[in-house]
Structure formats: structure tokens, C-alpha cells
Amino acid sequence: MIGNFWKNLKKKPKLGELQDKIFKFAGRDFNINSPAQLGNILVAMGIFSAEGGSASGGEGKIKKTKTGKISTKENELVKLRGKSPIIDLILEFRELNKLLNTYINPILKLSFKDEKIHTTLKQTGTVTGRLSSEEPNLQNIPIRSDFGARIRDAFIASPGFTFAAFDYSQIELRILAAAAKDAKMIEAFKKGVDIHKFTAANLNNLPMDQVTDKMRSRAKTINFGIVYGMGVRQLAQSTGMNLTEAQKFYHEYFNDFPEIKKYIEHIKNETKKTGYAETLLGRKRFFDLEAIRGNGFLESQMERMAVNAVIQGTDADIVKLAMVAVHKELDSRKIRPILQVHDELLYEVADDIIKEAVPRIRFIMESVYKLAVPLSVDVKIGKRWGSLVKYIK
DNA sequence: GGTGACGGCGCG
DNA sequence: AAAGCGCGCCGTCACC
């Protein structure tokens with residue numbers, strides 16, 4: 001259900017103020033929502049310094065879009081902070097504008113008389129076996145930014161019910177570790193340690209208690225990146241390392257977890273041989289081998305897609321099994337499925353049975369499929385979607 | 001008035 | 001030359 005949270009959310013005036021300030025710095029009016037116009041303004045202001053060829057530092061290179069225009073995406077703008085206050089104003093304008101025009105206004109319009117929002121889940125909408133959600137898409141409701149999280153608070157449980165959110169913890173990395181039969185990482189998951197910290201400890205040859213936040217953060221990036229086939233450049237970019245360090249980091253990772261490297265190679269080779277990648281449960285994603293023949297870039301792209309198809313696809317398979325199992329075993333009148341967000345199931349549970357229901361749902365989800373590592377589910381409960389609190393066993 | 005490509009960005 | 005997977009949706013722009 002949608003509460004009245006957003007009705008007194010006065011963001012329009014703020015947006016107008018930001019627009020005025022931006023125009024003042026720019027020296028003239030223009031359409032902030034047009035990347036083309038914005039790019040021109042920034043060039044005219046000298047913020048995108050048209051660097052001469054002599055620059056040896058390599059910084060300040062203007063990133064172009066695939067059609068050859070100047071890129072004004074957040075990553076690029078952030079680098080230009082400090083050159084002008086206009087940068088931060090634009091970023092703030094973008095965030096507010098996005099949240100208002102993509103979520104708050106359209107979703108209010110889609111609110112039924114019963115004050116509920118009803119999405120449509122497509123069962124065949126993706127290549128990996130995930131569901132997708134549309135009109136509205138409830139699988140991408142904000143949560144990461146502070147203001148974004150407030151949008152979630154407008155979603156409230158029905159009277160007499162409480163939200164219970166069940167989140168598979170690091171399920172993709174678990175699938176990878178199990179499928180690759182990597183003894184070291186399997187052991188870590190069995191012990192239930194903080195996996196990113198564990199990875200960092202291995203990468204830096206340190207005991208776990210000497211891992212710094214920065215080391216953990218970098219390990220987390222590479223743990224996720226591995227699954228998607230992230231390259232050295234991107235790794236460097238997103239961790240703040242230089243290319244040489246990033247290269248070394250990769251090397252170290254595959255040294256520490258050799259089975260993972262072997263398994264990823266195995267997926268790539270099998271896909272190139274058979275033309276398909278297969279989840280652990282046997283669902284296949286096919287590729288057109290003819291179309292990529294002789295094109296190194298397309299081949300690499302297919303390899304990344306294949307690795308992802310196995311990991312993300314197995315994840316999707318498991319979550320679907322869990323949805324079915326919960327439905328079969330429990331009373332859907334008191335435990336209502338509200339939403340699936342890829343590795344998370346949101347239920348609305350009658351207040352009087354919440355204490356028994358939560359452990360049962362958790363158990364079903366954790367035991368629905370057996371891997372070489374345990375599946376672990378985090379639970380949060382609460383009356384508002386944006387204010388759920390961890391449920392302690 | 002409608003359509004599709006594009007840049008951009010929200011989520012997992 | 002390109003190099004992070006999977007989605008849906010916004011506004012702009014070019015075009016019919």
C-alpha cells in the first residue's frame with residue numbers, strides 16, 4: 001500500500017532553485033535534461049578542458065559516448081568537481097529529477113483506489129531466467145541513496161500485516177564457489193565468515209583482523225567483478241588503483257582461488273564448443289557462434305555473457321524454486337507474496353503468526369537447493385519497506 | 001501524433 | 001577500436 005508520504009514532499013520548488021542556480025553559472029538558459037546541450041555548456045565554460053596533446057599525466061581525457069558525443073554521465077562529472085560549483089548542482093538536479101519523474105509521480109498515478117500498486121511480472125522477459133517487472137517496475141525502487149530510501153517508506157504493509165524481506169546473502173558468489181569446487185572459498189562460506197574480508201585477507205596475505213576497510217572494499221569489488229567478467233581498466237577505475245596494481249590484483253586473486261579461474265575458463269570453452277551455457281539446474285542459454293566468428297570483441301562479450309548466464313541463471317532458478325516451495329508449504333492467506341527482487345522475496349505476514357512464519361520461510365529458502373556451500377538468508381521485518389530492521393533469530 | 005535510438009540511471 | 005552481467009523507464013532528438 002502507498003501511504004501519504006509523498007504528498008507533502010515538496011521537491012518541485014527545490015528543483016526550480018537548482019535550475020536557476022545552474023542557469024546563473026552557465027550564463028544562459030538551456031535544457032539540463034539534454035546531455036548534448038549540457039555537454040556544450042560545459043565545454044563553453046571551459047570545464048571540459050580541451051586538453052592539449054602534451055599532457056603526460058593521462059588525466060582529463062574526455063570520455064566520448066559511442067556516437068562520438070561528450071559523455072556527461074555521473075562518473076565523468078564527478079571528476080570535474082572543484083572546477084565549478086555547477087557540477088554538484090547538476091548532479092543534485094539529476095538525482096531529484098530522476099526520483100520525482102521516474103518514481104514518485106508515475107507511481108502515484110498507478111495507485112489504485114485500494115491504494116495498492118500492482119506490477120506485472122514477466123516470466124519470459126530475460127535471457128538469464130530472471131523475472132522482470134513492469135508498469136511500474138518495482139524491482140528498481142530506490143534504496144541506495146538517503147533520499148531514495150525515503151521513497152521506499154511510502155510502501156506500507158496492509159493493516160494487521162508486517163513486511164518480511166528475505167534476502168539470499170551473496171548467493172552468486174556462493175554458486176560460483178560451489179560450482180568451481182574451490183576448496184578455500186567453500187570452507188570460508190561453511191564457516192560463515194565475512195567473505196569479502198576473507199578474500200581481502202587472502203589477497204593481502206594478512207590475518208582477517210588486520211584487513212582494513214579499504215582492503216575489504218577492493219576485495220568486494222573484485223568478488224562481484226569476477227562474476228561479470230570485469231576488465232582491468234574497470235577494476236582500476238572503480239577501486240582507485242592504477243593499471244599495474246589492478247593487473248597484479250587480478251593475478252593475485254586467481255592465484256589465491258585457482259579453481260575459480262579454471263571454472264570460468266571451463267564455461268568459456270564449453271560455450272564455444274557447444275553454443276550454449278547451462279545453469280547448475282540444466283537450463284540453457286544459447287549463443288550464435290557463427291555471428292561472433294573471427295571477431296575478438298564479440299567473442300569476449302559472449303564469454304562474459306556465458307559466465308554470467310551460469311551464475312545469474314542458477315541464482316534465478318533457485319529463487320524460483322523457493323517461491324514455489326513457500327507457496328506450496330505455507331498458508332498464502334496469512335503469508336502473502338508481495339514481490340520478488342531477484343535474490344530477495346518480500347512477503348506480507350499476518351501479525352499473529354510472524355514469529356513462527358519467519359523461521360519457516362527462511363528454512364524453506366535455505367534448504368530448497370543443495371550446493372557444496374550453505375545458502376544463507378538474511379531477514380528484515382517492519383511496517384514500512386524503507387525502514388525494515390534486521391530480524392534476529 | 002507516434003516510433004525508435006540514445007544517453008543516462010534506478011535496482012539486483 | 002570496442003572490454004561489467006541482467007533488467008525498465010525517463011526525456012531528448014530525429015524522423016515519419
Side-chain angles (χ1 to χ4, degrees), chain A residues 30-39 63-77 90-91 93-107 110 119-122 124-145 147-149 151-152 165 167-173 176 221-239 243 246 264 267 277 285 295-316 319 339-346 385:
Chain A
F30 68 102
N31 190 338
I32 306 171
N33 288 319
S34 163
Q37 292 184 35
L38 177 59
K63 174 112 184 268
K64 297 288 184 62
T65 67
K66 69 172 177 182
T67 50
K69 295 186 192 107
I70 292 169
S71 171
T72 66
K73 68 164 138 188
E74 186 175 351
N75 266 355
E76 300 304 313
L77 293 187
I90 290 164
L91 291 172
F93 179 92
R94 281 226 182 116
E95 184 188 6
L96 248 47
N97 201 45
K98 172 96 179 179
L99 297 178
L100 197 63
N101 291 335
T102 306
Y103 301 102
I104 297 181
N105 287 336
I107 288 180
L110 288 167
T119 187
T120 303
L121 292 171
K122 285 204 293 188
T124 54
T126 70
V127 291
T128 54
R130 280 183 169 184
L131 305 182
S132 75
S133 160
E134 60 185 19
E135 226 191 331
N137 181 356
L138 291 185
Q139 290 179 324
N140 74 342
I141 302 297
I143 189 171
R144 291 175 191 168
S145 73
F147 180 62
I151 290 184
R152 257 181 208 226
D167 195 313
Y168 277 113
S169 167
Q170 286 122 13
I171 186 167
E172 291 191 341
L173 201 52
L176 178 60
T221 300
I222 198 168
N223 269 337
F224 280 111
I226 288 287
V227 178
Y228 303 142
M230 184 168 59
V232 190
R233 279 179 66 96
Q234 180 65 27
L235 178 63
Q237 166 102 35
S238 50
T239 56
L243 242 50
I264 288 175
I267 293 175
R285 172 177 177 183
N295 185 323
F297 177 72
L298 289 181
E299 182 174 314
S300 299
Q301 182 170 268
M302 187 196 75
E303 289 174 357
R304 293 193 298 273
M305 289 172 173
V307 172
N308 186 252
V310 174
I311 306 298
Q312 191 183 113
T314 300
D315 179 5
V319 176
L339 189 63
Q340 185 252 48
V341 191
H342 308 310
D343 61 0
E344 170 186 344
L345 299 180
L346 181 65
W385 197 16

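Convention: sequence-line order gives letters A, B, ...; per-chain numbering from 1.
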May I have the step-by-step check of side-chain contact (heavy atoms from CB on, under 4.5 Å) for A:Leu91 and A:Glu95, ending in yes or no?
CA-CA 6 Å; A:Leu91 291 172; A:Glu95 184 188 6; over 6 Å; no

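On the P atoms, B:dC6 is 16 Å away from C:dA3, given to the nearest whole Å. Nucleotides C:dA2 and B:dC9 are separated by 23 Å at their P atoms, to the nearest Å.
Near DNA chain B, meaning a heavy atom under 4.0 Å from it, residues 232-239 of chain A has no residue at all.
Across A:Gln139 and A:Ser132, no two heavy atoms sit closer than the pair OE1-CA, 3.5 Å. The two residues A:Leu243 and A:Ala236 have their closest heavy-atom pair at CD1-CB, 3.9 Å. A:Pro106 and A:Thr102 make their closest contact through CG-O, 3.5 Å (heavy atoms, listed as atom of the first residue, atom of the second, distance).
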Could you write out DNA chain C as a dot-bracket string, with dots for unpaired bases, | for bases paired across to another strand, and Watson-Crick or G-U pairs counted at under 3.5 Å?
....||||||||||||

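A side-chain N or O of A:Thr128 and one of A:Gln312 form a donor-acceptor pair less than 3.5 Å apart.
In this structure, A:Glu95 atom CD and B:dG8 atom P are separated by 17 Å, rounded to whole Å. We find that CG of A:Leu77 is positioned 13 Å from C1' of B:dC9, with the value rounded to whole Å. Rounded to an integer number of Å, the gap from CG of A:Leu38 to C1' of B:dG8 is 11 Å. Look at CG on A:Asp343: it is 6 Å from C1' on B:dG12, rounded to the nearest Å. The interatomic distance linking A:Asn75 (CG) with B:dG7 (P) rounds to 16 Å, in whole Å. Distance NZ (A:Lys69) to P (B:dG8): 10 Å, rounded to an integer number of Å. Atom CD of A:Gln37 and atom P of B:dG7 are 16 Å apart (whole Å). Atom pair A:His342:NE2 and B:dG10:P shows a separation of 16 Å (rounding to whole Å applied).
For C:dC10, the base has no donor-acceptor partner in the side chain of A:Lys98 [N/O atoms by modelled type, under 3.5 angstrom]. Put simply, the side chain of A:Arg130 and the base of B:dG12 share a donor and an acceptor less than 3.5 Å apart. For A:Asn137 against C:dG8, no side-chain N or O and base N or O form a donor-acceptor pair under 3.5 Å.
In this model, the phosphate group of C:dT12 is approached by a side-chain N or O of A:Asn31 to a distance below 4.0 Å at OP1 or OP2. Remark: A:Thr72 is in phosphate contact with B:dG8, judged by side-chain N or O atoms under 4.0 Å from OP1 or OP2. For A:Arg304 and C:dC5, the shortest distance from a side-chain N or O to OP1 or OP2 is below 4.0 Å. For A:Thr102 and C:dC9, the shortest distance from a side-chain N or O to OP1 or OP2 is not below 4.0 Å. In this structure, A:Ser34 reaches the C:dC13 phosphate: one of its side-chain N or O atoms is under 4.0 Å from OP1 or OP2. Contact between the side-chain N/O atoms of A:Ser71 and the OP1/OP2 oxygens of B:dG8 is found at a separation under 4.0 Å.
A:Val307 comes within contact range of no nucleotide atom at all, as no heavy-atom separation falls under 4.0 Å. If you check every strand for non-hydrogen atoms under 4.0 Å, A:Arg144 touches a base. When heavy atoms are screened at a 4.0 angstrom cut-off, A:Glu135 is found touching the sugar-phosphate backbone but no base atom. Residue contacts for A:Ser300: at a heavy-atom cut-off of 4.0 Å it reaches a base atom on one of the strands shown. Note on A:Lys122: only backbone sugar-phosphate atoms sit closer than 4.0 angstrom, heavy atoms only; bases stay farther off. Note on A:Glu74: only backbone sugar-phosphate atoms sit closer than 4.0 angstrom, heavy atoms only; bases stay farther off. Heavy atoms of A:Asp315 sit nowhere under 4.0 angstrom from any nucleic acid atom.
Residues A:Leu96 and A:Phe147 have side chains in contact (heavy-atom distance under 4.5 Å, counting atoms from C-beta outward). Between A:Thr239 and A:Leu235, the closest side-chain pair of non-hydrogen atoms falls below 4.5 Å. For the pair A:Ile311 and A:Tyr228, the minimum side-chain heavy-atom distance is 4.5 Å or more. Side-chain contact check for A:Ile226 versus A:Ile264: some heavy-atom pair is nearer than 4.5 Å. Put simply, the side chain of A:Leu77 reaches to within 4.5 Å of the side chain of A:Arg94, judged on heavy atoms. Two residues are said to be in side-chain contact when any heavy atoms from C-beta on lie closer than 4.5 Å; A:Met230 and A:Thr221 meet this criterion.
For A:Pro35, the side-chain atoms get nearest to B:dG8 when compared with the rest of C:dC7, B:dG10, B:dG8. In the set B:dC11, B:dG8, C:dA3, B:dG8 carries the atom at the smallest distance from any side-chain atom of A:Lys73.
If you find the closest nucleotide of DNA chain C to A:Gln312 and to A:Asn295, the one lying nearer the 5' end belongs to A:Asn295. Comparing A:Asn97 and A:Leu131 by the nucleotide of DNA chain C that holds the closest heavy atom to each, the one mapping nearer the 5' end is A:Leu131.
Panel note: side chain A:Thr119, backbone A:Pro136; a donor-acceptor pair is recorded below 3.5 Å.
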